[in-house]
Amino acid sequence: MEDEAPHVAILPSIGIGHLISLIEFSKKLVDHHNFHTTLIIPTIGSPPDAMIEALHGLPSTINHIFLPPVQYQDMPENDPPPLLISRAISLSLSPLRQVIKSLVASTKLVVFIADAFAIETVDVAEEFNVPWYVFLSMSAMCLSLFLYLPTLDDLVSCEYRDIIEPVKLPGCIPIQGNDLFEGVQDLKSEYYVWLLSMTKRLHLAKGIMVNTFKELEPGTIKVLQEKTLCKSSVYAIGPLIRIDTNNLDNDDVFYCLKWLDDQAQGSVIFVSFGSGGRLSTEQMNELAFGLEMSEHAFLWVVKSPNDESVNAAYFNIRSQNDPFDFLPRGFLERTKGRGLVMPSWAPQIHILSHESTGGFLTHCGWNSVSESIVNGVPMIAWPLFAEQKMNAVLLTNDIKVAIRPKVGENGLVVREEISEVVKNLMGREERKRMCEVMSGLKEAAAKALAIDGDSPNAISELAMEWTNHTEID
């Protein structure tokens, strides 16, 4: 073999959000345990710029290989993103097989790690007798749902959204059925059938890694690690967040950070819906007027609305339209000085860690939630899709570090409601309580990531398993 260091093959699901946490996990393995890793990356269409940037400058011990891209236009147009991802992964199995065959021949390949939303790839690992584990880039609450879903499926006779009593997931706060992962909302859909199949395979993994930490979800992690819900060992290895970016020399980025430098401490609310989150034109206008009415300073990452294709937004397919064209007439002039609007992208990690940032209006993607917690920033929870409503329930009803705006009967969050929740988050008594809780979570996250913390210890346990080629009971 050319490479005698223990080698780990890692396959993220499609999407930059899934890749980022696995890059950070790879860094832990190569920096502290002398592993080499290969990120095997499937894509729909060409890799987006954000993905290329995230992979730039990694150490030589972290290799990456892009599988031949599946073309977006060849996929079913109306399928939800997870189904499209599953179809694309299935079309990528043949080239994946060649990559694994090459790694087996040229490296000391000790384990294959698959993102939970690409779990069908573990068939390839089994072909080559490579032990496989699963990585979930979501909360322990989501893992509890996924592991419990086959049991829940036998108990439920109606649509989850129609269940009157809150659903009691093992180790979790009760949650309304319509706040569960969107894939369970239609029991007759192909989406639900696929999800149920995925969750059943989780029980066969040698281990499941989840990007969270004990102090954030103590009851859920306790239940998961007792092995009553699943015999697979569960490792809380988070919070894995990206701590640097490579494009800070961009003029817009420089101006953004300079603008923050000139604002009062804790005075700015940061507004961003992540890499795949977009609003309708009407909702975008309501948000603009709501921010204006609140009279608080804001930094808003604006994207063109997605009145037509959710998938185009999710897979980062760029709109040719200028997002500023969709803002209310005169909005930029009226809020000049008090607000800063960034087109499409902003350095989120640097904004959340800036002392001027006092709040975060977020779509509740787990990467964004984790970044906010690590930096101690309270949130407005505005979930859009996938598991984001579950995350919003965790943040608002359980750990209570976020406010969730009310959605009107027309499906819109109106400007008056937006103005009110911004005022509550940024300037009233409720803020003081949330900041105190967030401060404790920030310290707990730092402790979990410390040299002798729970996260490094869990990764060390995994590394020892893989090095010794032993199986976890």
Side-chain angles (χ1 to χ4, degrees), residues 2-3 7-23 25-26 36-107 109 111-130 132-135 137 190-191 194 197-198 201 246 275-276 309-320:
E2 298 174 5
D3 181 3
H7 205 102
V8 179
I10 302 175
L11 191 135
S13 184
I14 293 172
I16 182 64
H18 292 264
L19 176 62
I20 286 174
S21 50
L22 281 170
I23 289 175
F25 176 65
S26 293
H36 288 189
T37 67
T38 295
L39 294 161
I40 308 169
I41 307 170
T43 63
I44 296 178
S46 300
D49 292 343
M51 186 174 288
I52 300 297
E53 188 269 331
L55 293 164
H56 179 71
L58 294 177
S60 60
T61 45
I62 301 178
N63 188 24
H64 70 269
I65 297 171
F66 283 106
L67 297 177
V70 176
Q71 296 307 310
Y72 175 76
Q73 58 267 27
D74 295 335
M75 306 288 284
E77 185 175 346
N78 295 320
D79 276 358
L83 272 186
L84 286 183
I85 289 170
S86 177
R87 297 187 200 283
I89 295 293
S90 296
L91 292 172
S92 301
L93 290 180
S94 180
L96 171 62
R97 189 173 288 108
Q98 295 305 311
V99 172
I100 296 299
K101 182 179 180 180
S102 175
L103 290 175
V104 168
S106 62
T107 74
L109 185 62
V111 70
F112 176 77
I113 299 171
D115 188 288
F117 286 83
I119 199 167
E120 53 263 59
T121 61
V122 303
D123 291 338
V124 177
E126 290 183 343
E127 287 180 30
F128 292 93
N129 296 314
V130 178
W132 59 271
Y133 289 67
V134 171
F135 181 88
S137 59
E190 189 178 355
Y191 190 175
W194 170 82
S197 174
M198 181 271 279
R201 298 202 72 176
N246 298 317
S275 58
S309 175
V310 173
N311 289 334
Y314 184 88
F315 294 114
N316 207 22
I317 297 171
R318 289 188 174 182
S319 168
Q320 300 302 311

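Heavy atoms only: backbone and side chains are in, while hydrogens, waters and symmetry mates are out.
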Inset, instruction - Could you tell me whether the side chain of R97 reaches within less than 4.5 Å of the side chain of F128, counting heavy atoms only? - result: yes
Legend entry - Taking every non-hydrogen atom, the tightest pair across W132 and R201: CH2-O, 3.7 Å
Legend entry - Test item: I100 and I40 side chains (from C-beta on) under 4.5 Å apart, heavy atoms: yes
Legend entry - Heavy-atom donor-acceptor pair, S86 side chain to P82 backbone, under 3.5 Å: no
Inset, instruction - With rounding to the nearest 0.5 Å, note down the distance linking OG in S21 to CG in D115. - result: 7.5 Å
Inset, instruction - Please name the pair of heavy atoms, one in T43 and one in L67, separated by the smallest distance, quoted to 0.1 Å. - result: OG1-O, 4.4 Å
Legend entry - Shortest non-hydrogen contact from V130 toward F112: CG1-N, 3.7 Å
Legend entry - Donor-acceptor contact present, side-chain S26 to main-chain L22, <3.5 Å: yes
Inset, instruction - First locate atom CD1 of I14, then atom CD1 of I85, and finally report the distance between them rounded to the nearest 0.5 Å. - result: 5.5 Å
Legend entry - Residue pair L11, V124: steps toward the side-chain contact (heavy atoms from CB on, under 4.5 Å) verdict: CA-CA 11 Å; L11 191 135; V124 177; over 6 Å; no
Inset, instruction - May I ask you to test the I113-F25 pair for a side-chain heavy-atom distance under 4.5 Å? - result: yes
Inset, instruction - Output the distance between atom CG (L103) and atom CD1 (I65), rounded to the nearest 0.5 Å. - result: 5.5 Å
Inset, instruction - Using the six-membered ring wherever Trp is involved, compare the ring planes of H7 and H36 and label them parallel, tilted or perpendicular (cut-offs 30° and 60°). - result: perpendicular
Inset, instruction - Write down the atom of I41, the atom of P12, and the distance for their closest heavy-atom approach. - result: CG1-CG, 4.3 Å
Legend entry - Shortest non-hydrogen contact from I89 toward T121: CG2-CG2, 3.4 Å
Legend entry - Non-hydrogen side-chain atoms of L93 and D123 separated by less than 4.5 Å: no
Inset, instruction - Would you sort out whether F66 and I52 count as a side-chain contact (heavy atoms from CB on, under 4.5 Å), showing the intermediate values? - result: CA-CA 11 Å; F66 283 106; I52 300 297; 4.0 Å; yes
Legend entry - Gap separating the OG atom of S13 from the CD1 atom of I119, nearest 0.5 angstrom: 11.5 Å
Inset, instruction - Check the angle between the aromatic planes of Y191 and W194 and answer parallel, tilted or perpendicular using the 30° and 60° thresholds. - result: tilted
Legend entry - Interatomic spacing from CD in E120 to CZ in R87 - rounded to 0.5 Å: 11.0 Å
Inset, instruction - Verify side-chain contact (heavy atoms from CB on, under 4.5 Å) between L84 and V70, making sure each step is shown before the conclusion. - result: CA-CA 10 Å; L84 286 183; V70 176; over 6 Å; no
Inset, instruction - Mind listing the closest non-hydrogen atom pair of I16 and M51 along with its distance? - result: CD1-CA, 3.6 Å
Legend entry - Straight-line distance of D79 CG to E190 CD, nearest 0.5 Å: 6.0 Å
